[in-house]
*Asks:* 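This is the structure, below, for whatever I ask next.
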Amino acid sequence: MSETSNLTDPIIAPPAPTYRIKFIIIFILCVGMGAWFGYDGFVNWPAQNDAAAHHEGYQQGDPLPHSQMDMGFQKVLMVLVPIIGIGVLAWCLSRSRGEYRLEGMTLHVPGHPPVELQNITTINKKNWDRKGLAYLTYEQGSEKGTIRIDDFAYQRGPTDEIFDRIQKQLLPPENAPTA
C-alpha cells in the first residue's frame with residue numbers, strides 16, 4: 001500500500017469499553033452506597049437506638065448511639081448518592097458517545113459538524129503526551145468551535161492515529177528548516 005492511500009483510508013475510533021466500564025462500576029457503587037445509607041437510616045440505626053434504650057443500664061435522657069439528625073443525614077445520602085451516580089454515568093456516556101472518524105481530509109466528532117482539516121486554526125497539544133488530550137479549534141464558515149480529542153474516552157490506537165494524521169497534515173515537520 002502506498003503512503004498516499006494510507007492517508008486517505010478512513011480511521012474510526014469508537015468509545016473505549018474500559019472507560020465506560022469504569023463509570024458503570026462507579027454508578028453501581030453509588031447505588032449500593034445509597035442502599036446502605038438507606039438501610040442504616042431506616043432499619044439498622046433505629047434498631048441500635050431501640051436496643052440501647054431497652055438495655056437494662058439505660059436511663060431516660062442518656063444519649064442514644066445515633067441522633068435523629070444522624071439518621072436524617074443517612075436518609076438524605078440514600079437519595080443523593082445514587083443521583084450523583086446517575087449524573088456521573090450520564091456525563092460519561094455523553095462524553096464518549098458516537099465515534100471519532102477521519103475520512104480523507106474530513107474529521108467527524110460527536111457534537112460538531114464534519115470539519116475539513118484545512119479549517120482547523122489551532123492545535124493545543126499541551127496535554128497530549130501526558131494525558132492524551134488535545135483541543136482543535138476550527139472556523140468553518142460561520143461555525144466556530146473547539147474539538148476535544150481524548151484517547152482515554154475513545155480507543156487509544158485509532159484516536160492516536162487520527163491525531164497523528166491531523167498533525168502530519170497541518171503542522172510542519174519538527175526538523176524542517178524555517179524560512
Side-chain angles (χ1 to χ4, degrees), residues 6-7 9-44 70-171:
N6 285 339
L7 291 177
D9 291 342
I11 305 170
I12 298 171
T18 55
Y19 179 78
R20 289 182 167 190
I21 288 170
K22 289 173 188 174
F23 284 96
I24 289 170
I25 290 170
I26 290 171
F27 166 73
I28 291 169
L29 289 172
C30 286
V31 170
M33 287 170 43
W36 193 333
F37 289 132
Y39 176 75
D40 276 348
F42 284 105
V43 178
N44 191 30
D70 292 342
M71 289 187 286
F73 189 61
Q74 292 296 103
K75 294 170 186 174
V76 168
L77 288 174
M78 173 194 75
V79 174
L80 286 181
V81 172
I83 290 172
I84 290 169
I86 290 168
V88 166
L89 182 62
W91 174 81
C92 161
L93 294 176
S94 170
R95 194 85 176 211
S96 65
R97 71 190 184 280
E99 63 189 16
Y100 296 156
R101 188 172 70 247
L102 181 61
E103 294 178 306
M105 296 295 284
T106 305
L107 178 63
H108 302 267
V109 176
H112 297 274
V115 175
E116 297 296 322
L117 295 188
Q118 71 264 15
N119 294 327
I120 295 174
T121 56
T122 60
I123 299 176
N124 178 345
K125 60 180 191 171
K126 179 176 76 170
N127 291 321
W128 183 254
D129 292 332
R130 220 180 68 213
K131 295 183 176 183
L133 287 174
Y135 296 91
L136 311 173
T137 305
Y138 66 90
E139 290 185 30
Q140 190 163 263
S142 63
E143 295 190 70
K144 296 178 181 181
T146 301
I147 295 172
R148 174 187 168 114
I149 302 292
D150 184 349
D151 75 358
F152 181 61
Y154 291 85
Q155 289 183 358
R156 178 165 288 155
T159 300
D160 291 354
E161 193 177 339
I162 287 171
F163 188 65
D164 288 346
R165 191 180 292 178
I166 291 169
Q167 288 187 97
K168 283 180 188 172
Q169 292 294 321
L170 300 177
L171 297 179

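Since the model is a prediction, treat every value here as computed from it, not as a measurement.
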*Asks:* Considering only residues two or more places apart or on different chains, which pairs with a residue in residues 11-29 satisfy side-chain hydrogen bond (donor to acceptor under 3.5 Å, both in side chains)?
*Replies:* Arg20-Ser96
*Asks:* Asp70: what forms a side chain to side chain donor-acceptor pair (under 3.5 Å) with it, not counting sequence neighbours?
*Replies:* Ser67
*Asks:* Can you check whether Met33 reaches Ile84 side chain to side chain, under 4.5 Å on heavy atoms?
*Replies:* no
*Asks:* Below 3.5 Å, can you tabulate the donor-acceptor pairs from side chains in residues 126-133 to any protein atom, sequence neighbours excluded?
*Replies:*
none

*Asks:* Rounded to the nearest 0.5 Å, how far apart are CG of Leu171 and CD1 of Ile123?
*Replies:* 4.0 Å
*Asks:* For Ile26, check side chain to side chain contact (heavy atoms under 4.5 Å, CB included) against everything at least two apart and list the hits.
*Replies:* Phe23, Cys30, Val88
*Asks:* Could you give the distance from CG (Leu107) to CD1 (Ile11), rounded to the nearest 0.5 Å?
*Replies:* 10.0 Å
*Asks:* Apply salt bridge (Lys or Arg N to Asp or Glu O under 4.0 Å) to Arg101 and list each qualifying residue two or more places apart in sequence or on a separate chain.
*Replies:* Glu99, Glu103
*Asks:* So, taking the atom named CG in Leu136 and the one named CZ in Arg148, what distance separates them when rounded to the nearest 0.5 Å?
*Replies:* 12.0 Å
*Asks:* Return the set of residues passing side chain to side chain contact (heavy atoms under 4.5 Å, CB included) with Arg156 (not counting sequence neighbours), or none when no residue passes.
*Replies:* Asp151, Asp160
*Asks:* Rounded to the nearest 0.5 Å, how far does CD1 of Ile120 lie from CG of Leu170?
*Replies:* 5.5 Å
*Asks:* Measure the shortest side-chain to side-chain distance between Tyr100 and Asp150 over non-hydrogen atoms and say whether it is less than 4.5 angstrom.
*Replies:* yes
*Asks:* Please check if atom OH in Tyr135 has more than 12 non-hydrogen atoms from other residues, nucleotides or ligands closer than 6.0 Å.
*Replies:* yes
*Asks:* For residues Val115 and Val109, determine if any side-chain heavy atom of one lies less than 4.5 Å from a side-chain heavy atom of the other.
*Replies:* no
*Asks:* Who are the side chain to side chain contact (heavy atoms under 4.5 Å, CB included) partners of Asp164, not counting sequence neighbours?
*Replies:* Gln167
*Asks:* What pairs of residues pass the salt bridge (Lys or Arg N to Asp or Glu O under 4.0 Å) test when at least one of them lies in residues 80-95, not counting sequence neighbours?
*Replies:* none
*Asks:* Please round to the nearest 0.5 Å and tell me the distance separating atom CZ of Phe27 and atom CG of Leu89.
*Replies:* 6.0 Å
*Asks:* Looking at every heavy atom in both Gly34 and Val81, which two are closest together, and how far apart are they?
*Replies:* N-CG1, 4.4 Å
*Asks:* Sorted by first residue and then second, give each side-chain hydrogen bond (donor to acceptor under 3.5 Å, both in side chains) pair with at least one member in residues 137-147; sequence neighbours left out.
*Replies:* His112-Tyr138, Asn119-Gln140, Thr122-Thr137
*Asks:* Applying side chain to side chain contact (heavy atoms under 4.5 Å, CB included), name anything that partners Gln155, two or more places apart in sequence or on another chain.
*Replies:* Pro14, Pro17, Pro158
*Asks:* Please report the shortest heavy-atom distance between Pro15 and Gly98, naming the atom on each side.
*Replies:* CD-O, 3.1 Å
*Asks:* Which residues pass the side chain to side chain donor-acceptor pair (under 3.5 Å) test with Tyr39, sequence neighbours left out?
*Replies:* none
*Asks:* Tell me every residue that passes salt bridge (Lys or Arg N to Asp or Glu O under 4.0 Å) with Arg97, counting only those two or more places apart in sequence or in another chain.
*Replies:* none
*Asks:* Working to the nearest 0.5 angstrom, can you tell me the gap between Gln118 CD and Met105 CE?
*Replies:* 6.0 Å
